[in-house]
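For the numbers below, each heavy atom of this structure counts, side chains included, while hydrogens, waters and symmetry mates do not. All of these numbers come straight from a predicted model, not from anything done at the bench. Counting starts at 1 for both ligands and their atoms, following the listed order.
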Amino acid sequence: MKTQSAARIQSLFPVLLASLLVLGTAQLVFDSLKSGRSYVFQFYGKPEKQRKSVFVLPEDRMDDSCNLFEGQWVWDNVSYPLYKENSCPYLVKQTTCLKNGRPDSFYQNWRWQPNACKLPRFDPLKLLDILRDKRLMFIGDSVQRAQFESMVCLVQSVIPKGKKSFQRIPPRKIFKAKEYNASIEYYWAPFIVESNSDHATNHTVLKRLVNLDSISKHGKSWEGVDVLVFESYVWWMYRPQINATYGSVDNVEEYNITTAYRIALETWANWLESNINPHLQKVFFMSMSPTHLWSWEWKPGSNENCFNESYPIQGSYWGTGSNLAIMDIIHDILQELKINVTFLNITQLSEYRKDAHTTVFGERRGRLLTKEQRADPKNFADCIHWCLPGVPDTWNEILFAYLLQSYQNFL
Ligand SMILES: *[C@@H]1O[C@H](CO)[C@@H](O)[C@H](O)[C@H]1NC(C)=O
Ligand SMILES: *[C@@H]1O[C@H](CO)[C@@H](O)[C@H](O)[C@H]1NC(C)=O
Ligand SMILES: *[C@@H]1O[C@H](CO)[C@@H](O)[C@H](O)[C@H]1NC(C)=O
Ligand SMILES: *[C@@H]1O[C@H](CO)[C@@H](O)[C@H](O)[C@H]1NC(C)=O
Ligand SMILES: *[C@@H]1O[C@H](CO)[C@@H](O)[C@H](O)[C@H]1NC(C)=O
Ligand SMILES: *[C@@H]1O[C@H](CO)[C@@H](O)[C@H](O)[C@H]1NC(C)=O
Ligand SMILES: *[C@@H]1O[C@H](CO)[C@@H](O)[C@H](O)[C@H]1NC(C)=O
Ligand SMILES: *[C@@H]1O[C@H](CO)[C@@H](O)[C@H](O)[C@H]1NC(C)=O
């Protein structure tokens with residue numbers, strides 16, 4: 001059963017993914033063009049700074065035993081969204097669904113409510129205090145880039161003009177809060193390990209080739225980063241096999257996806273074990289971001305996708321887009337790791353959100369869809385990426401909860 005659905009997804013992904021990943025790619029090209037010349041600024045000021053402590057309220061204390069990933073979405077149009085689409089200048093066009101013409105905004109008004117406790121309220125000033133003199137880096141593909149953008153939007157409004165900056169230095173994007181000497185960064189690495197898709201602005205989508213045992217070039221940019229948040233999934237799910245090298249870069253072979261994914265994560269795990277200082281650095285791994293490509297999975301008998309869905313799925317649901325074999329591999333690798341990596345298992349909570357994808361209110365190949373394309377959601381709806389504000393904000397609320405918790409345990 002498991003294998004069968006895995007086979008089906010892998011055979012259905014290609015058409016849709018090819019175009020959507022091109023879309024993600026084009027976005028990066030576009031972003032870097034827009035930025036023109038990147039610059040690096042320097043910090044002035046004394047290293048000896050008054051270190052303020054983060055004030056943790058009793059209601060922010062999270063019960064260690066509370067599972068934040070089991071719960072439900074509750075309607076909350078009073079507190080949500082946590083920021084407004086048009087108040088965050090750093091959002092790329094791909095995620096600004098309302099501006100792009102989406103008629104309903106219900107998808108912005110849901111709060112994730114864990115069964116056993118409450119998520120602490122997202123407090124941008126607290127996060128900045130936690131990140132004082134630190135770097136937080138998101139590493140992965142375009143889904144991860146949205147989580148990065150969400151995090152920037154969640155904090156940027158509390159920082160006055162002139163005290164923040166945003167740079168694009170491919171494959172990185174860097175947001176800085178100057179007074180805190182804190183940075184929130186993104187690093188493009190769709191397979192985590194190295195591949196021929198690593199150039200942020202000029203890479204192949206169709207002829208992908210992964211170097212399963214190579215990570216050190218990327219790793220150089222990750223060294224010493226205080227909080228690392230990794231993610232990699234959708235780029236693997238293109239065909240049941242993938243071209244890859246192991247050992248010699250001239251020896252290209254086709255690997256089963258699951259085999260290749262496991263080897264890649266082992267390479268990553270080895271890098272962590274020899275480069276991370278667990279006393280100074282924290283590492284997170286995001287589980288797969290689900291897709292909603294086939295409406296028959298939640299609405300038997302239908303033959304559409306996530307387009308025109310306005311409400312979350314009620315009751316239990318797990319789509320075939322979230323590959324259980326990949327989940328098992330992640331589980332095994334994290335079990336064997338000699339350092340602690342916090343696994344943020346956001347797949348299930350995001351599975352309910354068939355309503356929250358960009359659908360036809362996003363981009364393809366760096367351009368907003370045309371009127372004609374919009375009228376053809378069967379071929380043009382994007383059911384992989386998410387609108388912002390939206391689901392990635394919740395992932396960040398959970399990340400914040402963990403950072404807050406480890407901070408308070410540390411005090
Ligand atoms: C919030 O939701 C409630 C219940 O659906 C509705 O009655 C109310 O008008 C909404 N408020 C706003 C500001 O949208
Ligand atoms: C600023 O933060 C960086 C890490 O992001 C750190 O290496 C540096 O020492 C900090 N500078 C000061 C003046 O504290
Ligand atoms: C993109 O990469 C290809 C292959 O590496 C190269 O031939 C081409 O010149 C590059 N294009 C640009 C605009 O850099
Ligand atoms: C691997 O590369 C070869 C040669 O470019 C190509 O014919 C084949 O389709 C590729 N396999 C996969 C799984 O992409
Ligand atoms: C690759 O997958 C196919 C089909 O799922 C399976 O029959 C085969 O044994 C796998 N090969 C390896 C080397 O795991
Ligand atoms: C969206 O769904 C509603 C019913 O839920 C239907 O009335 C409407 O025509 C649909 N819109 C489009 C553009 O398909
Ligand atoms: C993540 O959560 C899902 C559903 O809640 C569960 O089936 C899966 O085993 C979890 N993964 C890991 C690695 O714990
Ligand atoms: C990992 O974290 C757990 C609980 O937070 C702790 O008990 C354990 O000692 C840590 N292990 C390592 C290798 O740091």
request  = Would you list the pairs meeting ring pair (Phe, Tyr, Trp, His ring centres under 6.0 Å) in which at least one residue belongs to residues 303-324, sequence neighbours left out?
outcome  = Phe106-Tyr311

message = Within the supplied structure, the quantity of interest is the number of heavy atoms (other residues, nucleotides, ligands) at a distance under 6.0 Å from Tyr246 OH; does it exceed 12?
response = no

remark   = Counting from 1 in the order shown, the ligand 2 atoms closer than 4.0 Å to a non-hydrogen atom of Arg135 are 5 (O)

query = What atoms of ligand 2 come within less than 4.0 Å of a heavy atom belonging to Asn181?
reply = 1 (C), 2 (O), 3 (C), 8 (C), 10 (C), 11 (N), 12 (C), 14 (O)

query = What residues come within 4.0 Å of ligand 1, counting heavy atoms only?
reply = Trp75, Asn77

Whether the [X] and [Y] side chains hold a donor-acceptor pair (N or O, under 3.5 Å, no angle test) is what I'd like checked.
{"X": "Thr320", "Y": "Glu297", "result": "yes"}
{"X": "Ser150", "Y": "Asn396", "result": "yes"}
{"X": "Glu309", "Y": "Trp298", "result": "yes"}

inquiry  = Asp133 versus ligand 2: do any nitrogen or oxygen atoms come within less than 3.5 Å of each other?
reply    = yes

remark   = Residues at least two apart in sequence or cross-chain that pass side-chain contact (heavy atoms from CB on, under 4.5 Å) with Ser214, listed by chain then number, are Glu194, Asn211

request  = Give every residue pair that meets the salt bridge (charged side-chain N to carboxylate O under 4.0 Å, His left out) criterion with at least one member in residues 218-236, sequence neighbours excluded.
outcome  = none

